Number of protein chains: 2
Amino acid sequence: MADERGARARTRRAILDAAIRRLADTPNCALSEIADDAGVGRTTLHRYFPERADLIDAVRVESVERMRAATARARLGEGSALEALERLASSYLDEGDLLTYLFFHAEFADEAFWEQLEHEDETLITTITRGQASGELDASFRPDWISNVLFSLLYSALSSVREGTLTRGEASRLIGATLRGGVAARPTASPR
Amino acid sequence: MADERGARARTRRAILDAAIRRLADTPNCALSEIADDAGVGRTTLHRYFPERADLIDAVRVESVERMRAATARARLGEGSALEALERLASSYLDEGDLLTYLFFHAEFADEAFWEQLEHEDETLITTITRGQASGELDASFRPDWISNVLFSLLYSALSSVREGTLTRGEASRLIGATLRGGVAARPTASPR
DNA sequence: CACTAGTGGAGCACGAGTGTTCCACTAAGG
DNA sequence: CCTTAGTGGAACACTCGTGCTCCACTAGTG
């Protein structure tokens, strides 16, 4: 959306936001539910997104953009690899409902979807291999496993934040600590 | 199912297995798809499970039983806590499609579902706290975070196994290694 | 052969959700 | 005031999946 001002822009925004929220919980919810959540009539929703697929596509486009922006915010090329991974996790956690939708619903975030984030994925893998080359990260793991661990910790943290058993800040710290040392006791002083 | 013999038992089994497989991929698939997969007519499916809810309930009952059995197989009380966690991960990975369904579809594995596995959950938490008390596991983490990490690594490994990028054995080893040391490089020799 | 058990397919009614059309309403601007 | 922009609700047709009924078929047994 080049120009975000005006009634139409606000309405479209409201629909998209409501869609992400509702779809994160209930991927096959009715369009009327999304319309209700957005505070618009179903007719209006259809005016902006004539078919369900149009709405889903728009959510996809927005998802790609937001994930790209979140990755950029993490500045993976700066500082140590572990720090970069932590910044990335923190950046992604900020995406909240959107990330929930991506993680919890493989039908939406299918292969074609993740292919659009190939550049971001490569940047992450580059960061990981940089960390392995520098001796910071365990070189016996394939980079994609490390990437998967990061995402799985994000998944875990996100679930707990959604349940209210972790705060956003705790989640961030726990991911970092777990990346650094797994769950085994440290040979040295506690990191927390 | 007290008696697993006979045509009816085999048909019921076929339907349940097909349901788990298909539902893992497509939780809102049509009953006719499950019937096709099972190699039975839809009428037959309805004879065994008159309504969709009946089939879902049966899958739930089976899930609980299988998760209980898998937990029991892991013998969490034996050996070191880390070894116990690894055995549990391995045991759960053996459940394949069922575990996929549980992890990927929160609508099915809801709170009520997990409550039925409360005893198993407690056993796991007991094992974790045992490991923390003995100095094996990091005592600065809450036990439920450690439990969540285990499940999220399982989730990640399961995805990779399903995609064919990891073998079942590799998945098991990677989970173990990651639990022990996260993704940071070891101060000592590589564990692999 | 007749009977029983188990099954499959066809067809129907129903409900929920989707896409579409139409009309009425409100607010803002000239 | 009139016009335009934006919107909501009602109603309808359609599709898909579900639950249900009925009938026919096959296989096995006595």
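In the text below, chain A, chain B and the rest are named by the order of the sequence lines, each starting its count at 1. FYI, side chains are in, hydrogens and waters are out, and symmetry mates aren't considered; it's all heavy atoms of this structure. Just so we're clear, the structure is a prediction, and the values are computed from it rather than from any experiment.
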Review point. Rounded to the Å, how far apart are His46(A) NE2 and dA10(D) P?
Key: 15 Å
Check your understanding: If you measure only the distance, is there a donor-acceptor pair under 3.5 Å linking the side chains of Asn148(A) and Ser159(B)?
Key -> no
**Study point:** Closest nucleotide among dG17(C), dG17(D), dC22(D) to the Ala30(B) side chain
**Key:** dG17(D)
Check your understanding: For Leu45(A) and dT20(C), what is the distance between atoms CG and C1' respectively, to the nearest whole Å?
Key -> 14 Å
Check your understanding: Taking the nucleotide of DNA chain D with the closest heavy atom to each, which residue, Ala53(B) or Arg47(B), is nearer the 5' end?
Key -> Ala53(B)
Review point. What integer distance in Å separates Arg8(A):CZ from dA5(D):P?
Key: 11 Å
Study note, to complete from the structure: Atom CG of Asn28(B) and atom P of dA16(C) are separated, to the nearest Å, by 17 Å
Check your understanding: Is any side-chain N or O of Thr11(A) closer than 4.0 Å to OP1 or OP2 of dT7(D)?
Key -> yes
Point to revise | Distance in angstrom units between Asp54(A) CG and dG19(C) P, rounded | key: 8 Å
Check your understanding: So what does Tyr48(B) hit on the nucleic acid, given a heavy-atom distance under 4.0 Å: a base, only sugar-phosphate, or nothing?
Key -> sugar-phosphate
**Study point:** 5' priority, DNA chain D, between Gly41(A) and Cys29(B) [closest heavy atom]
**Key:** Gly41(A)
Review point. Rounded to whole angstrom units, what separation is found between the CG atom of Leu31(A) and the P atom of dT20(C)?
Key: 12 Å
Review point. Is a side-chain N or O of Arg42(B) found less than 3.5 angstrom from the main chain of Leu31(B), in a donor-acceptor match?
Key: no
Practice item. Rounded off to whole Å, could you give me the CZ-to-C1' distance for the Arg52(B) and dC16(D) pair? Key: 12 Å
Review point. Hey, does the side-chain of Arg42(A) have a donor or acceptor N/O within less than 3.5 Å of a partner on the base of dG19(C)?
Key: yes
Review point. Any donor and acceptor pair, going by atom type alone, linking the side chain of Thr26(A) with main-chain N or O of Cys29(A) inside 3.5 Å?
Key: no
**Study point:** Donor-acceptor pair between Tyr101(B) and Ser63(B) side chains, under 3.5 angstrom
**Key:** no
Practice item. Would you check if there is a donor-acceptor pair between the side chains of Arg168(A) and Ser90(A) at a distance under 3.5 Å? Key: yes
Point to revise | Nearest-angstrom distance from the residue atom CG of Asp36(A) to P of dG9(D) | key: 9 Å
